[in-house]
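See structure below.
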Amino acid sequence: MSFPIIYLNETDSTSNYLKDLISKTTVEEGTIVCSEAQTSGRGQRGNSWESEKGKNLLFSTVLYPLFINTYEQFIISQIVSLAVKECLDEYTENISIKWPNDIYWQEKKICGILIENTILGDSINQSVIGIGVNINQTRFADSPNPVSLKQITEADHTPYYLMNKIHATIFKYYRNIREGNAKEISEKYKASLFRAEGFYLYNDGTSDFEARIKDVKQTGILVLETREGIERKFTFKEVRYIL
Ligand code: BTN
């Protein structure tokens with residue numbers, strides 16, 4: 001299947017560009033906006049996204065998943081992270097998904113995902129998915145814990161080849177969930193998690209504690225189990241991994 005692709009030299013943010021376009025005209029599901037550079041690349045928690053011009057993959061796409069209920073919107077994060085992981089697996093080993101949707105190589109972040117959903121009634125009527133993959137950049141100024149594909153493989157790579165693969169894989173998983181296979185996707189997501197097995201240090205905003213990942217709920221809530229066998233549940237901003 002082919003989708004419209006808008007190639008830009010520079011924009012503030014591919015996600016902003018796409019949302020602006022959607023507000024002005026009809027934009028086909030799956031339309032891609034990609035750019036060589038962003039002047040105000042946005043990350044999660046109001047952070048910025050660093051990317052040297054022409055070095056990395058920066059793109060956004062849109063879904064209109066009206067069949068997804070608001071309480072199960074985390075499935076979108078799951079399909080996008082699984083798609084990115086699956087595509088990066090072709091280049092290297094040790095790619096995992098750091099809950100909720102960072103993509104890691106070993107203990108470092110190679111890709112960030114920003115998902116912005118709009119709700120209509122109790123459904124998701126629009127999901128703007130922004131993906132930034134560190135490809136050929138080798139020096140980072142202010143990203144915490146970054147790594148690029150070039151640093152891992154010691155070779156340059158073509159960002160737009162990877163973009164097409166990730167996009168096609170997102171749509172493969174999107175069709176899966178439309179056909180009712182969300183359970184299978186969630187199991188695959190859990191099996192792909194960073195630190196899926198074993199005890200590690202976490203911080204709840206007050207103190208560090210040792211725990212292991214027990215589950216990720218349909219709502220995206222992370223369930224940890226402490227060494228003492230106590231279950232603790234966290235939403236996205238409530239817990240931090242100690243790396
Ligand atoms: C994160 O904080 O990990 C999410 C980073 C998401 C960055 C991508 S780059 C393409 C798209 N446009 C943006 O402004 N942000 C996303």
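Only heavy atoms go into these numbers, but all of them, side chains included; no hydrogens, no water, no symmetry mates. In each ligand, atom 1 is the first atom listed, and ligand 1 is the first ligand listed. Throughout, numbering of the chain's residues begins at 1 and tracks the sequence.
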- Query: What residues form a side chain to side chain donor-acceptor pair (under 3.5 Å) with Tyr173, not counting sequence neighbours?
  - Reply: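 With neighbours one apart ignored, the set is Glu86, Lys188.
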With the criterion set at N/O pairs under 3.5 Å, what does the list of contacts between the protein and ligand 1 look like, atom names and distances included?
unit_1, atom_1, unit_2, atom_2, d
ligand 1, 2 (O), Gln44, N, 2.6
ligand 1, 3 (O), Lys109, NZ, 2.6
ligand 1, 12 (N), Thr14, OG1, 3.1
ligand 1, 12 (N), Gln38, OE1, 2.9
ligand 1, 14 (O), Ser13, OG, 2.8
ligand 1, 14 (O), Arg42, N, 2.7
ligand 1, 15 (N), Arg42, O, 2.7

- Item | salt bridge (Lys or Arg N to Asp or Glu O under 4.0 Å) contacts in which one or both residues fall within residues 141-155, not counting sequence neighbours |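 Qualifying pairs: Lys150-Asp156.
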- Query: Any salt bridge (Lys or Arg N to Asp or Glu O under 4.0 Å) pairs touching residues 216-226, not counting sequence neighbours?
  - Reply: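 Non-adjacent pairs meeting salt bridge (Lys or Arg N to Asp or Glu O under 4.0 Å): Arg212-Glu225, Asp215-Lys217.
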- Message: Do Tyr7 and Tyr160 have side chains that approach each other closer than 4.5 Å (heavy atoms only, starting at C-beta)?
- Response: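 Tyr7 vs Tyr160: side chains touch.
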- Message: Check whether Tyr174 forms a cation-pi arrangement with Arg178 (NZ or CZ under 6.0 Å from the six-membered ring centre, at most 45° off the ring normal).
- Response: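 Output yes; distance and angle both within limits.
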- Parallel, tilted or perpendicular for His167 and Phe3, by the 30°/60° rule?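 Because their plane-to-plane angle is over 60°, the rings of His167 and Phe3 count as perpendicular.
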